[in-house]
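Every chain is numbered from 1, with letters handed out A, B, ... down the list of sequences. Quantities reported herein were computed from a predicted structural model and do not represent experimental measurements.
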Number of protein chains: 2
Amino acid sequence: MPRPSQTDKKRKNLLPIVARAFAELGYRRATTAELAKRCKVRENILYRLWPNKKAMFVASIDYVYEQAANTWREMLSEKNDNADSAMRLLKHEAAHYGESGLQRIIFAGLSEADEPEIREALRKMYSRFHRFIRGQVAAHRKTIETSVRPDETVSAWGIIGLGNLSNIGRELGLLSDRGRKKMFGDAGRLLLDGQSE
Amino acid sequence: MPRPSQTDKKRKNLLPIVARAFAELGYRRATTAELAKRCKVRENILYRLWPNKKAMFVASIDYVYEQAANTWREMLSEKNDNADSAMRLLKHEAAHYGESGLQRIIFAGLSEADEPEIREALRKMYSRFHRFIRGQVAAHRKTIETSVRPDETVSAWGIIGLGNLSNIGRELGLLSDRGRKKMFGDAGRLLLDGQSE
DNA sequence: TCAAATTGTAGGTAGACACTTACGAAATAC
DNA sequence: GTATTTCGTAAGTGTCTACCTACAATTTGA
């Protein structure tokens, strides 16, 4: 009888390394040779785990969401003092969003978006982010009463836009840490519930 | 005596073609061979106009701002009915931002941002956009009186973030035309003057 | 122990790509 | 006319890169 395959386990172990390489180097510069080197295996081993480089990249895009979702889940369950979770998330992200650097994968992906698989992975990722944030916005708004404001869908996209720009600001050194935090925090709050304290 | 050099003129003529190629293909896939083909010249002619491919790309980034600025200048001078120019711009951009497709160059640039020249070109571009928008926000706010809201700097970055996300939405087919317009329009208005009509 | 499958190692290949060189043709100022 | 420079064409070069093949070593169940 055959030796049992460790493929799934190996894939799971190597994905974080692969994803980080794509984040640091972008799609083209993360050559398969470089990926293998960082994983401390030979190239053809990567090709036993994924059919080609594109698949490695798509898996990395999925990984970006998984990681963020994990962080959030953890944060929300952490201490359930009944502080509004949307506010807690907003504050946390204003301070820490993009710290991992993994979001650079998104930039890399956007310039490869004419590849259908990559495009689809990005769509899925943004949709999942949007669903999550939209839910948070809705829950938050139930706890207060105010008049008209942009609907939840619009607000959620807007907040995603702020996160994106916050990352660009970090990437290019356009905004100081304080500036970024203020931007994300103030504008995010405004989109969240119309308050502008 | 020598034949007079047409270099500057040629550069100006070819830049739009080069920029469009980068926008459509991204940095790596816009090979020098492809650029030359689209320009209907041989590769070495491009190398007489720019020292290397990176320089062609940097010029294209600058071109993105020039083009946008031209459109805006035109729009603002067009009919000076004293409608608030910030509002006019916002409406116009909500409907048309990203239509040219040139902004895809920014995505390409972001995944090459570890090259100092490219990074610097992007910084400059974003700074110029920010300065312009910040000015518009400030002018708009002089025409009304309301209470506290995010300061002009924050609002301007926020609006840039919305534009960016609007582009991503278009790129990935995440948002319908109407959805994008609503998102940019509603959230933009909120950031502009706190109104949420 | 041994057949069957999975691992790891080494090397290679075909194509793509940024950039260069060489050279003849055309245009200008004198 | 002619010296001087720009312009256009053609071909090449060294390097990099995604992906593959061949094979030996290792691990399992029976």
Side-chain angles (χ1 to χ4, degrees), chain A residues 1-15 17-19 21-61 105 108-109 111-112 114-118 121, chain B residues 1-15 17-19 21-61 105 108-109 111-112 114-118 121:
Chain A
M1 283 284 160
R3 189 173 164 181
S5 170
Q6 309 265 48
T7 305
D8 286 357
K9 197 167 148 193
K10 197 115 213 177
R11 221 187 330 250
K12 200 172 280 182
N13 286 341
L14 295 188
L15 182 54
I17 305 175
V18 168
F22 279 124
E24 285 173 19
L25 302 170
Y27 186 70
R28 305 274 158 178
R29 292 176 11 161
T31 65
T32 53
E34 176 70 17
L35 295 176
K37 193 172 146 197
R38 291 185 178 218
C39 291
K40 286 174 184 151
V41 298
R42 304 272 160 181
E43 288 184 61
N44 66 334
I45 291 190
L46 293 182
Y47 279 94
R48 281 177 195 156
L49 302 177
W50 292 280
N52 49 42
K53 184 179 165 182
K54 212 192 299 176
M56 305 175 202
F57 187 65
V58 165
S60 300
I61 293 177
I105 290 179
S111 54
E112 308 290 331
D114 39 352
E115 298 279 351
E117 293 99 323
I118 293 178
Chain B
M1 282 284 157
R3 192 172 161 179
S5 170
Q6 308 265 49
T7 304
D8 286 357
K9 198 168 149 193
K10 197 116 213 176
R11 220 185 331 247
K12 199 173 281 182
N13 287 340
L14 295 187
L15 182 54
I17 305 175
V18 168
F22 280 123
E24 286 173 19
L25 302 170
Y27 185 70
R28 306 273 158 177
R29 295 180 5 163
T31 64
T32 52
E34 176 69 19
L35 294 176
K37 193 172 146 197
R38 291 185 179 218
C39 290
K40 286 174 185 150
V41 297
R42 305 273 162 181
E43 289 183 61
N44 67 333
I45 291 189
L46 293 182
Y47 280 94
R48 282 176 195 157
L49 303 177
W50 293 281
N52 51 40
K53 186 179 165 182
K54 211 191 303 175
M56 303 175 204
F57 188 64
V58 165
S60 299
I61 294 177
I105 290 179
S111 54
E112 308 291 330
D114 39 352
E115 298 279 351
E117 292 100 324
I118 292 179

note: B:R11, atom CZ; D:dC7, atom P; distance rounded to Å ~ 11 Å
On DNA chain D, more 5' by nearest nucleotide between B:K40 and A:A33 is B:K40
From CZ of A:R28 across to C1' of C:dA16 the rounded distance in Å is 11 Å
In whole angstroms, the gap separating P of C:dA18 from CD of B:E34 amounts to 11 Å
5'-most contact on DNA chain C (nearest-nucleotide basis), B:Q6 vs B:T31, goes to B:T31
Item to check | Face-on cation placement of B:K54 at B:Y27 ring, 6.0 Å and 45° thresholds | outcome: no
Evaluate the side-chain contact (heavy atoms from CB on, under 4.5 Å) criterion for residues A:F57 and A:E117: first the C-alpha distance (whole Å), next the side-chain angles of each, then the deciding distance (0.1 Å), finally the verdict. CA-CA 10 Å; A:F57 187 65; A:E117 293 99 323; over 6 Å; no
Taken to the nearest whole Å, CG/A:N44 to P/D:dT17 is 18 Å
Distance below 4.0 Å between B:K10 side-chain N/O and D:dG8 OP1 or OP2: yes
B:E115 and A:R29 ion-paired at < 4.0 Å: yes
Rounded to whole Å, CD of B:E43 lies from P of D:dT13 at a distance of 15 Å
**Study point:** A:E112 with B:R28: basic N within carboxylate O range, under 4.0 Å
**Key:** no
Note: for A:R48 and B:Y27 on DNA chain C, the residue whose nearest nucleotide lies more 5' is A:R48
Q: Kindly indicate whether the side chain of A:R42 and the base of C:dG11 share any N or O donor-acceptor pair separated by less than 3.5 Å?
A: no
Margin query: Is the shortest side-chain heavy-atom distance between B:Y47 and B:R42 below 4.5 Å?
Written below: no
message: Does a side-chain N or O of B:T32 approach OP1 or OP2 of C:dA18 to a distance below 4.0 Å, or not?
response: yes
Taken to the nearest whole Å, CG/A:D8 to P/C:dT7 is 10 Å
When rounded to whole Å, the CG to P distance for the pair A:L49 and C:dT7 reads 9 Å
A:F57 CZ to D:dA18 C1', in whole Å, measures 16 Å
